[in-house]
Amino acid sequence: MVFTFKEIRLANQLEVSDVAARIGVSNDLLLEYEKDSRMIPCSIAMRLCALYRVPTIDLIYIGKLPD
């Protein structure tokens, strides 16, 4: 089973602004990455995994979510 970054953020009851500040991106950019993670830099993906305590990127859905 795989999860989106948004699903994990919501499951951890974290606000966009909190996560964005912790990983060093704007709120809008984080929301874009949550909608379409295909273009997320590896360094940002790894920061999110560390913040969300996800042991491997293999558990994350990488792709575009339907609108």
Side-chain angles (χ1 to χ4, degrees):
M1 180 172 240
V2 295
F3 304 93
T4 67
F5 282 121
K6 182 177 182 178
E7 288 172 332
I8 297 169
R9 178 178 58 76
L10 293 174
N12 284 290
Q13 300 178 345
L14 295 168
E15 297 293 328
V16 169
S17 58
D18 294 331
V19 173
R22 289 183 187 183
I23 64 168
V25 300
S26 69
N27 294 355
D28 290 339
L29 188 55
L30 178 60
L31 289 171
E32 287 299 317
Y33 289 153
E34 286 185 349
K35 290 179 190 173
D36 186 355
S37 59
R38 294 176 295 179
M39 302 305 278
I40 190 170
C42 186
S43 61
I44 299 295
M46 298 311 291
R47 284 186 216 158
L48 286 170
C49 285
L51 177 64
Y52 297 153
R53 295 185 183 106
V54 175
T56 176
I57 194 76
D58 295 333
L59 298 175
I60 302 297
Y61 171 76
I62 302 296
K64 184 176 181 184
L65 298 178
D67 291 330

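We count residues from 1, following the sequence as given.
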Self-check item: Gap between atom NZ of Lys6 and atom CG of Leu65 - 0.5 Å precision
Solution: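 Nearest 0.5 Å value for the CG-NZ distance: 8.0 Å.
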
Quiz item: Can you name the residues that form a side chain to side chain donor-acceptor pair (under 3.5 Å) with Arg38, not counting sequence neighbours?
Solution: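 Applying side chain to side chain donor-acceptor pair (under 3.5 Å) to Arg38 gives Asp36.
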
Under 3.5 Å, which donor-acceptor pairs link side chains of residues 10-27 to any protein atom two or more places apart or in another chain?
| unit_1 | atom_1 | unit_2 | atom_2 | d |
| --- | --- | --- | --- | --- |
| Asn12 | ND2 | Ile8 | O | 2.8 |
| Ser26 | OG | Leu29 | N | 3.1 |

Practice problem: Check side-chain contact (heavy atoms from CB on, under 4.5 Å) between Pro41 and all other residues, then give those that pass, not counting sequence neighbours. | Solution: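 Once residues adjacent in sequence are excluded, the partners of Pro41 under the side-chain contact (heavy atoms from CB on, under 4.5 Å) criterion are Tyr33, Ser43, Ile44.
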
Quiz prompt | Backbone N/O of Glu34 and side chain of Thr4: donor-acceptor pair under 3.5 Å | solution =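 Side chain of Thr4 to backbone of Glu34, a donor-acceptor pair under 3.5 Å: no, none is there.
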
Quiz item: Do Val2 and Tyr52 belong together in a cluster built from hydrophobic side chains that touch within less than 4.5 Å?
Solution: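 Each belongs to a different hydrophobic cluster.
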
Quiz item: Linking I/L/V/M/F/W/Y whenever any side-chain heavy atoms sit under 4.5 Å apart, do Met46 and Val54 land together?
Solution: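 No; Val54 is not reachable from Met46 via cluster members.
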
Quiz prompt | Gap separating the SG atom of Cys42 from the CD1 atom of Ile57, nearest 0.5 angstrom | solution =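 So the SG of Cys42 and the CD1 of Ile57 are separated by 7.0 Å.
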
Exercise. Report the distance from atom CZ of Phe5 to atom CD1 of Ile62, rounding to the nearest 0.5 Å.
Key: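 The distance works out to 5.0 Å.
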
Practice problem: Give a yes or no on whether Met1 and Ile60 share a hydrophobic cluster (residues Ile, Leu, Val, Met, Phe, Trp, Tyr; joining criterion: side-chain heavy atoms under 4.5 Å apart). | Solution: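 Same cluster: Met1 reaches Ile60 through Ile, Leu, Val, Met, Phe, Trp or Tyr contacts under 4.5 Å.
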
